[in-house]
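Numbering starts at 1 and runs along the sequence shown. As the structure lists them, so they are numbered: ligands from 1, and atoms in each ligand from 1.
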Amino acid sequence: MSDSTFRTAVVRTPGGPESIEVIEVPVVEPGPGEIRVRIAAASVNPVDLGVAEGFFHGMGLINQPERTGLGWDFAGTVVATGPGVDLAVGTEVAGLVAGFDRDFGTYAELIVVPAADVAVVPDGLDLIEAATVPLNGLTAAQILDLLGSPAADGNRLLVTGAAGAVGGYLLSLASDRGWRVTGLARADDEEFVRGLGADFIGHAEPGWDAVADAAALQERSLALVRDGGAFVGVRPGSEPAVERGITVAAVSVHADGPQLGQLLARTAAGELPARVQAVLRLDQAADAHRAVAKGGVRGRYVLRP
Ligand SMILES: NC(=O)c1ccc[n+]([C@@H]2O[C@H](COP(=O)([O-])OP(=O)(O)OC[C@H]3O[C@@H](n4cnc5c(N)ncnc54)[C@H](OP(=O)(O)O)[C@@H]3O)[C@@H](O)[C@H]2O)c1
């Protein structure tokens, strides 16, 4: 990083991990309400693999002339503030950059974001762990917002992909909202699921009051919901068709500083999982993508720019 440029990992022509390049781009000044953060850690999420592969370009969700930025969440230190920002330079923050169609991302040494989109990282939570929280913690919390409160006649919630990042947060957070939670996961994940206070199953029969579909099983998960129950998926725009009076929705995660602040506080208190698989350098982003693509990874790969 020079004074006027910084390094970031991007894709120009998407084609999988091999298409990830680390390039130098100009430093951007924060505008009103914005901050510039020196990124200490950025997690590698399934969505990033889809961007690098061109999956979202193919869906028409990305239309960048030069390059597409990689990475949705980060933790780091505020290094500059625009007008109207209360956060002091030197404050440790974590945040989410949502949305596909952008030429910048969190796989970078620096990022400029709205101050409203970040939360202060509490004492006792290191930045590597903090970087694993925003995307998947907020997604789980917003899935629960979409589900609403359980109906009076039934509170049995099934979480598919329960040992994944979104799934793990769902298991931890759903009981606060009055759900009796069961995690559907692979046999090896039973200890993790039960450790978060949920029931475990390796195979689900139909009849659940609600299903939170963190494994993106779509129609197969909808079939597990009872008549008149609720389904929330993770593929907005590709929700399964409504059937049998079931309420069908899909989350599209958005930044929410206050909601993230609560998630970080609960992570610092040990109430939410903070799972780090490995820490790699920015120029090893392609290696991290290859490792995640193999499946079975529990905990995030985190890039340290
Ligand atoms: N719409 C949004 O705003 C939004 C936001 C965040 C995430 N997402 C999506 O949400 C999904 C979950 O994300 P994540 O980060 O939690 O992924 P993850 O950590 O990879 O977790 C997915 C979990 O589902 C399990 N799984 C997949 N297929 C399964 C099957 N047939 N049976 C049993 N378990 C199965 C995986 O197990 P194995 O590893 O053993 O396969 C893994 O434990 C992803 O599709 C992601 O793209 C959407």
Side-chain angles (χ1 to χ4, degrees), residues 42-53 55-56 59 61 70-73 96-101 106 131-147 158-174 182-193 195-196 198 200-205 211-224 231-240 248-256 259-260 263 272-278 288-302:
S43 47
V44 174
N45 291 292
V47 64
D48 302 321
L49 276 66
V51 172
E53 281 161 10
F55 177 77
F56 299 106
M59 286 178 73
L61 294 175
L70 290 166
W72 284 51
D73 48 7
L96 170 73
V97 182
F100 294 95
D101 197 21
T106 63
T132 68
V133 176
L135 175 62
N136 300 302
L138 286 169
T139 299
Q142 291 168 15
I143 286 172
L144 294 169
D145 291 343
L146 287 169
L147 274 177
L158 179 70
V159 174
T160 72
V166 173
Y169 287 113
L170 283 167
L171 297 184
S172 305
L173 297 170
T182 299
L184 173 65
R186 308 216 188 259
D188 287 349
D189 295 316
E190 179 167 358
E191 190 180 335
F192 171 77
V193 170
L196 293 175
F200 166 86
I201 51 173
H203 172 78
E205 297 293 336
V211 173
D213 189 25
L217 304 178
Q218 300 279 75
E219 284 76 9
R220 280 188 286 160
S221 288
L222 187 75
L224 299 172
F231 168 95
V232 179
V234 292
R235 296 270 179 272
S238 304
E239 295 88 342
V248 173
V251 70
S252 183
V253 68
H254 56 271
D256 182 328
Q259 194 169 40
L260 176 58
L263 293 162
L272 295 177
R275 293 183 289 165
V276 176
Q277 172 72 24
H289 277 222
R290 286 185 202 100
V292 174
K294 287 183 186 151
V297 176
R298 300 292 181 261
R300 292 290 95 143
Y301 280 83
V302 177

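Within a 6.0 Å sphere centred on CZ of R290, other residues, nucleotides and ligands contribute more than 12 heavy atoms.
Contact check for V211 versus L184: no side-chain heavy atoms found under the 4.5 Å cut-off. The shortest distance between side-chain heavy atoms of D101 and F56 does not fall below 4.5 Å. Side chains of R275 and F192 form a contact here, defined as non-hydrogen atoms less than 4.5 Å apart. Residues L49 and V44 have side chains in contact (heavy-atom distance under 4.5 Å, counting atoms from C-beta outward).
Applying the 4.0 Å criterion to heavy atoms of S252 picks out, from ligand 1, the atoms 3 (O). The A214 neighbourhood of ligand 1 comprises atoms 11 (C), 12 (C), with distances under 4.0 Å to a heavy atom of that residue.
Residue contacts with ligand 1: V47 is placed with no nitrogen or oxygen under 3.5 Å of a nitrogen or oxygen of the ligand (distance criterion only). Taking distance alone, with nitrogen or oxygen atoms compared against 3.5 Å, V251 approaches ligand 1 more closely than that limit. The shortest N/O to N/O separation between G161 and ligand 1 does not fall below 3.5 Å. For the pair G295 and ligand 1, the shortest N or O to N or O distance does not fall below 3.5 Å. Geometrically, ligand 1 and R298 share a nitrogen or oxygen pair separated by less than 3.5 Å.
Scanning D48, V232, V234 for the heavy atom closest to atom 9 (C) of ligand 1 points to V234. Checking R235, R275, R300, H203 against atom 46 (C) of ligand 1, the nearest heavy atom belongs to R235. Across V159, L184, V166, heavy-atom proximity to atom 7 (C) of ligand 1 is greatest for V166. Considering G168, P46, A187, A215 only, the shortest heavy-atom separation from atom 27 (C) of ligand 1 involves A215.
Residue Q142 does not touch ligand 1, judged by heavy-atom distances below 4.0 Å. Only the side chain of L217 comes within 4.0 Å of ligand 1, judged by heavy-atom distances. At a heavy-atom cutoff of 4.0 Å, ligand 1 is contacted by the side chain of N136 but not by its backbone. Contacts of P236 with ligand 1, taken as heavy-atom pairs under 4.0 Å, involve the side chain alone.
Between the side chain of Q142 and the backbone N or O of V251 there is no donor-acceptor pair closer than 3.5 Å.
Residues A140 and L173 come closest through the heavy atom pair CB-CD1, 4.3 Å.
In this structure, atom 3 (O) of ligand 1 lies nearest to the protein heavy atom V253 N, 2.9 Å. Atom 5 (C) of ligand 1 has as its closest protein heavy atom T139 OG1, 3.1 Å. Closest protein heavy atom to atom 21 (O) of ligand 1: G164 CA, 3.1 Å. R186 NE, 2.6 Å is the protein heavy atom nearest to atom 40 (O) of ligand 1.
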Intermediate values then yes/no, salt bridge (Lys or Arg N to Asp or Glu O under 4.0 Å), D188 and R298: CA-CA 11 Å; D188 287 349; R298 300 292 181 261; over 6 Å; no
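Between Q259 and D145, the side chains place a donor N or O and an acceptor N or O closer than 3.5 Å (distance only, hydrogens not considered).
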